[in-house]
Protein chains: 2
Amino acid sequence: MAARETDPKERLLDEAEALFAENGYHAVSVREITAAAGCNLAAINYHFGNKRNLYLEVFRTRWLARARVIQERVYETLQNKKEITPPALIRALAEAFLFGPMSEKDRLRHVQLMQREVIQPTEAFEMVMDEVMKPFLGALGERIRPYLPAGTDQERLMLNALSIISLILYFNFGRESVKRITGRAYDQAFREELIRHIVRFTTTGLGLGAGENAS
Amino acid sequence: MAARETDPKERLLDEAEALFAENGYHAVSVREITAAAGCNLAAINYHFGNKRNLYLEVFRTRWLARARVIQERVYETLQNKKEITPPALIRALAEAFLFGPMSEKDRLRHVQLMQREVIQPTEAFEMVMDEVMKPFLGALGERIRPYLPAGTDQERLMLNALSIISLILYFNFGRESVKRITGRAYDQAFREELIRHIVRFTTTGLGLGAGENAS
DNA sequence: GTCTATAGCAGGATAGAC
DNA sequence: GTCTATCCTGCTATAGAC
């Protein structure tokens, strides 16, 4: 697995993901990517056919894998609990996004990349939706359903789940806005405060009383 | 004011805004913009100096103006109320974004354009923050402060205000996601349902009990 | 598989006629 | 102010040597 650092194909995927996330597809040139990966200009066309395909391959081999890591992290956190309450679940979600198992930069990139697709969907959007968002929100919904009034319909459940996720995502990709408005840096202390806020706001938003009884 | 349709400079601003919002700055060429505006390739350089400056001018003369219209709309809606409760305020905000005074396309563009700056801030981000978001969130905070526990500090107030706005924005720019997850089209009925959800979720999220007593 | 070289085209910007 | 013509840079993609 040291292929990650030696294999040019792998390096291309890594550098491409970073650059696409930071600057967007059109703002990044294949020259930039190959230079960052320390390999030849022709490498992208050889390995992926064209630039567009490299972008899609980034989602297939990097983004989806990372999404799975984040999900696993959530389940790990919840493993030792006897009962998974909504506040504990939401806290685990928020922590996975704001602290998570990967580097700060990787986490930010992950959300940026997805957010670009949300604003302006391309082919990768289908992938993200079908393979991650739908099952993820479905599972999230089922987990919180027992705590909601009996007979809550599927649509309302999904609106609630979407609202939780959107808050968590916003406090990630909207960092610059949040910093400007609150005047705080995104350090450890502030992130913990953000998580407390997210848990409180969404838990009560679900109509479950002010529940901050998570780990 | 029919200058809007005849003056090439005005047409350039309109078409540029539409294209930048839909496809992003780098994906749009000056050739595309001038063609859409029905004027010459050299027009952008003549009137604005360069492409970048046109982009900033779009924010200065179009985006900020529209933000003001949206804000006015909010205050209009609230004008006849004797007491402006948080649910009424939030409903007015959500309505302004989801129905508002301008066309469906204009409303969507407005949010898309801003959202691109949120993900990847440029010079225009300062403008949006300083001239719209900060005062807007400040005013929103002050309006809801009287309903929150006494002594709620400024930071918590801003986190609450940010959360309200982020939900309203997400259900706008994240249309494709919301459609996929709920399986519903963005018609009048669904939008009204979304507004009810937003008002309920955020009002209770603020800790104010399930208050849907707005007009 | 990796390189160099280059084709072929689209991009932003400008000069200068009208 | 508006146009045409054009410069020149940078882009993606490919051909072909190694």
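Remember, predicted model here, so these are calculated numbers, not experimental data. Naming convention: chains lettered A, B, ... in sequence-line order (proteins, then strands); numbering from 1 in each chain.
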Are A:I198 and A:L98 close enough that some pair of their side-chain heavy atoms sits under 4.5 Å apart?
-> yes
Gap between atom CD of A:E155 and atom CD1 of B:I181 - 0.5 Å precision = 12.5 Å
Kindly point out which of C:dT14, D:dG1, C:dG1 is positioned nearest to the side chain of B:N45?
-> C:dT14
Anything under 3.5 Å between a protein N or O and an N or O of nucleotides 3-6 of chain D, put it in a table, one pair a line.
| from | atom 1 | to | atom 2 | distance (Å) |
| --- | --- | --- | --- | --- |
| D:dC3 | OP2 | B:N40 | N | 3.3 |
| D:dT4 | OP2 | B:N40 | ND2 | 2.9 |

Check whether NZ of the Lys or CZ of the Arg B:K51 lies under 6.0 Å from the centre of the six-membered ring of B:F20 and within 45 degrees of that ring's axis.
-> no
Parallel, tilted or perpendicular, as decided by the 30° and 60° cut-offs, for the rings of B:Y186 and B:F190 | perpendicular
For DNA chain D, what residues of residues 20-30 of chain A have any heavy atom nearer than 4.0 Å?
-> A:V28, A:S29, A:V30
The answer to which of A:H47 and B:I44 contacts DNA chain C further toward the 5' end, by nearest nucleotide, is A:H47
Can we say A:E22 and A:R109 salt-bridge, meaning some charged N sits less than 4.0 Å from an Asp/Glu carboxylate O?
-> yes
Kindly point out which of D:dA13, C:dA13, C:dT2 is positioned nearest to the side chain of A:P8?
-> C:dT2
salt_bridge(B:E10, B:R62) N-O dist < 4.0 Å | yes
Is the shortest side-chain N to carboxylate O distance from A:E104 to A:R175 below 4.0 Å?
-> yes
Residue pair A:T77 / A:R91, side-chain donor-acceptor N/O under 3.5 Å = no
